[in-house]
Amino acid sequence: MQPSHDRREFLTRLSGAIAGVAATGLSMPSPARANGGRAGQVSTVLGPIDADRLGVTLPHEHVVASSAGFLRVWPEYLGAGFVDKAVAKLAEAKREGIDTIVDVTPIDVGRDVRLLAEVSRRSGMQIVCCTGHWLQPSLSMAARSVEELTAFFRREIEVGIEDTGIKPGVIKVATDREGVTPFVDKALRAAARASKATGLPVTTHTLAAERTAEKQAEVFESEGLDPARVCLGHCDDSSDLEYLTGLARRGYTIGMDHLSWGTRPGVLDWKARADMVRALIDAGFVERIFLSNDWYFGISIAPTGTMETLEGINPDGMLFSTRRIVPYLREQGVSAREIRVMTVDNPRRLLATA
């Protein structure tokens, strides 16, 4: 059967983006939408949209990485031009074919949904925000029970964040070198329970060197959470194919979402990370892969000057995966269809809710 006009147009535009040429409208209607059905909805910071409008999606990014309340009491820390910088960078990404970013910045990493709404509106970039919690709880959060954390996550999902009415589209939780601490155990269980109650998916931060995704999976499965509703993050920090395919076989999405970190010294380089993406595709798991960068435009949870250093190492910023990783994958024989599955279809499937 001959491809449709939309299909040919998409492939043409995708090839342009892969070559680094600015393009727009990379996505095409999902099969469900084309047949008159619905692919579900996704909450963005500017309101709910049909999931098939997500288009090319970066599922693990940040506009700014900070601490709860830091930028409210020290707004000048990032500089007067920070918001304009974020808008310009997101507008550039939009021109190069990125339609949506998922900002996985929870409350303890300085989530500011008003800021996200402003930069989304001004740049034209669709932004999905999160509820949940990262690693270091405040005394108030540490004192909460699983039931209370579940109720808090559900309140943000069902009512909105603070008094804005903005609702998250994903639940973010984390484990790191400390493993499943008592608080992390509560947060993971609360995320699982909130996901089961609301339908929102879960996305995570893991430490691949310690195989902490397996520990997360144990908690999620003990709570009865469907692995198909979970993305286990930062898996590209590992070159252990057995570890990654084991998670994929259990039904989890594998977040190859530290791709830009492969430009940094002393870690797995970016081509090795891309080679692991290819290995996962060859193993039959193209429908279980996310591609993203874990990038940000400003950071206060690291020494002053860190952002400038990172921008010097990776001048492509949030576009690293599309400017560098995708062309390299194409050179290794990954097809345009497989690229589309990882960048359009997989994020849409995970993020869509009834």
>> side chain to side chain contact (heavy atoms under 4.5 Å, CB included) for Val334 and Tyr328? Distances and angles first, verdict last.
In response: CA-CA 9 Å; Val334 176; Tyr328 179 79; over 6 Å; no

Quick one: are [X] and [Y] in side-chain contact, heavy atoms under 4.5 Å?
X: Thr100; Y: Ile127; answer: no
X: Val102; Y: Thr203; answer: no
X: Asn293; Y: Phe320; answer: yes
X: Arg273; Y: Met276; answer: no
X: Arg229; Y: Leu200; answer: no
X: Leu280; Y: Val286; answer: no
X: Leu54; Y: Val344; answer: no
X: Asn314; Y: Trp295; answer: yes

Is any NZ, NE, NH1 or NH2 atom of the basic residue among [X] and [Y] found under 4.0 Å from an Asp or Glu carboxylate oxygen of the other?
X: Asp99; Y: Arg53; result: no
X: Lys85; Y: Glu311; result: yes
X: Arg193; Y: Glu223; result: yes
X: Arg324; Y: Asp316; result: yes
X: Lys215; Y: Glu210; result: no
X: Arg337; Y: Glu287; result: no
X: Asp103; Y: Arg111; result: no
X: Glu118; Y: Arg122; result: yes
X: Asp226; Y: Lys196; result: no
X: Glu162; Y: Arg114; result: yes
X: Lys186; Y: Glu147; result: no
X: Asp345; Y: Arg349; result: no

Taking the six-membered ring for Trp, are [X] and [Y] closer than 6.0 Å centroid to centroid?
X: His60; Y: His205; result: no
X: Tyr77; Y: Phe70; result: yes
X: His133; Y: Phe152; result: no

Can you hop from [X] to [Y] via hydrophobic side chains spaced under 4.5 Å?
X: Leu241; Y: Val277; result: yes
X: Ile281; Y: Phe290; result: no
X: Val341; Y: Val326; result: yes
X: Leu310; Y: Leu268; result: no
X: Val146; Y: Phe183; result: no

Under a 3.5 Å threshold, yes or no: a donor from one side chain and an acceptor from the other, between [X] and [Y]?
X: Gln126; Y: Thr44; value: no
X: Glu178; Y: Thr181; value: no
X: Arg189; Y: Thr150; value: no
X: Arg144; Y: Ser140; value: no

To the closest 0.5 Å, what do you measure between [atom1] ([X]) and [atom2] ([Y])?
X: Glu156; Y: Cys130; atom1: CD; atom2: SG; result: 8.5 Å
X: Ser195; Y: Phe153; atom1: OG; atom2: CZ; result: 11.5 Å
X: Ile101; Y: Thr57; atom1: CD1; atom2: OG1; result: 10.5 Å
X: Asp108; Y: Ser67; atom1: CG; atom2: OG; result: 8.5 Å
X: Thr245; Y: Asp282; atom1: OG1; atom2: CG; result: 12.5 Å
X: Ile157; Y: Thr131; atom1: CD1; atom2: OG1; result: 5.5 Å

Minimum heavy-atom separation for [X] to [Y], with atom names?
X: Leu291; Y: Leu58; value: O-CD2, 4.0 Å
X: Phe220; Y: Val202; value: CZ-CG1, 3.9 Å
X: Cys235; Y: Leu247; value: SG-CD1, 4.3 Å
X: Val119; Y: Ala86; value: CG1-CB, 4.2 Å
X: Trp270; Y: Thr263; value: CD1-CG2, 4.4 Å
X: Lys172; Y: Val104; value: NZ-O, 3.0 Å

> Trp261 ring centre to Arg264 NZ or CZ under 6.0 Å, with the angle to the axis within 45°?
Replying inline: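 Judged by the rule, Arg264 and Trp261 form a cation-pi pair.
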
> Do His258 and Asp237 pass the side chain to side chain donor-acceptor pair (under 3.5 Å) test, and can you show the C-alpha distance, the side-chain angles, and the key distance before you say yes or no?
Replying inline: CA-CA 7 Å; His258 253 177; Asp237 287 332; 2.7 Å; yes

> Does Met125 offer a backbone N or O that forms a donor-acceptor pair with the side chain of Ser120 under 3.5 Å?
Replying inline: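 Confirmed, Ser120 side chain pairs with Met125 backbone.
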
> So, Lys167 side chain and Val159 main chain: donor-acceptor pair closer than 3.5 Å or not?
Replying inline: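 Between the backbone of Val159 and the side chain of Lys167 there is no qualifying donor-acceptor contact (under 3.5 Å).
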
> Passes side chain to side chain contact (heavy atoms under 4.5 Å, CB included), Leu116 versus Val63? Steps please.
Replying inline: CA-CA 8 Å; Leu116 296 182; Val63 170; 3.6 Å; yes

> Phe297 and Met307: side chain to side chain contact (heavy atoms under 4.5 Å, CB included), yes or no, with the steps?
Replying inline: CA-CA 7 Å; Phe297 305 124; Met307 195 71 242; 5.7 Å; no

> Which is it for Ser292 and Glu61 under the side chain to side chain donor-acceptor pair (under 3.5 Å) test, yes or no, and what are the steps along the way?
Replying inline: CA-CA 7 Å; Ser292 209; Glu61 306 293 343; 2.6 Å; yes

> Taking His234 as the fixed residue, which of Asp257, Thr206, Thr212 is the one that meets the side-chain hydrogen bond (donor to acceptor under 3.5 Å, both in side chains) rule?
Replying inline: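 It is Asp257, the one option of Asp257, Thr206, Thr212 that forms the side-chain hydrogen bond (donor to acceptor under 3.5 Å, both in side chains) with His234.
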
>> Quick one, Leu232 with Arg288, criterion side chain to side chain contact (heavy atoms under 4.5 Å, CB included). Give me CA distance, side-chain angles, the key distance, then yes/no.
In response: CA-CA 10 Å; Leu232 301 171; Arg288 296 291 180 200; over 6 Å; no

>> Ala197: which residues meet the side chain to side chain contact (heavy atoms under 4.5 Å, CB included) condition with it, sequence neighbours left out?
In response: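 Per chain and number, Ala197 pairs via side chain to side chain contact (heavy atoms under 4.5 Å, CB included) with Arg154.
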
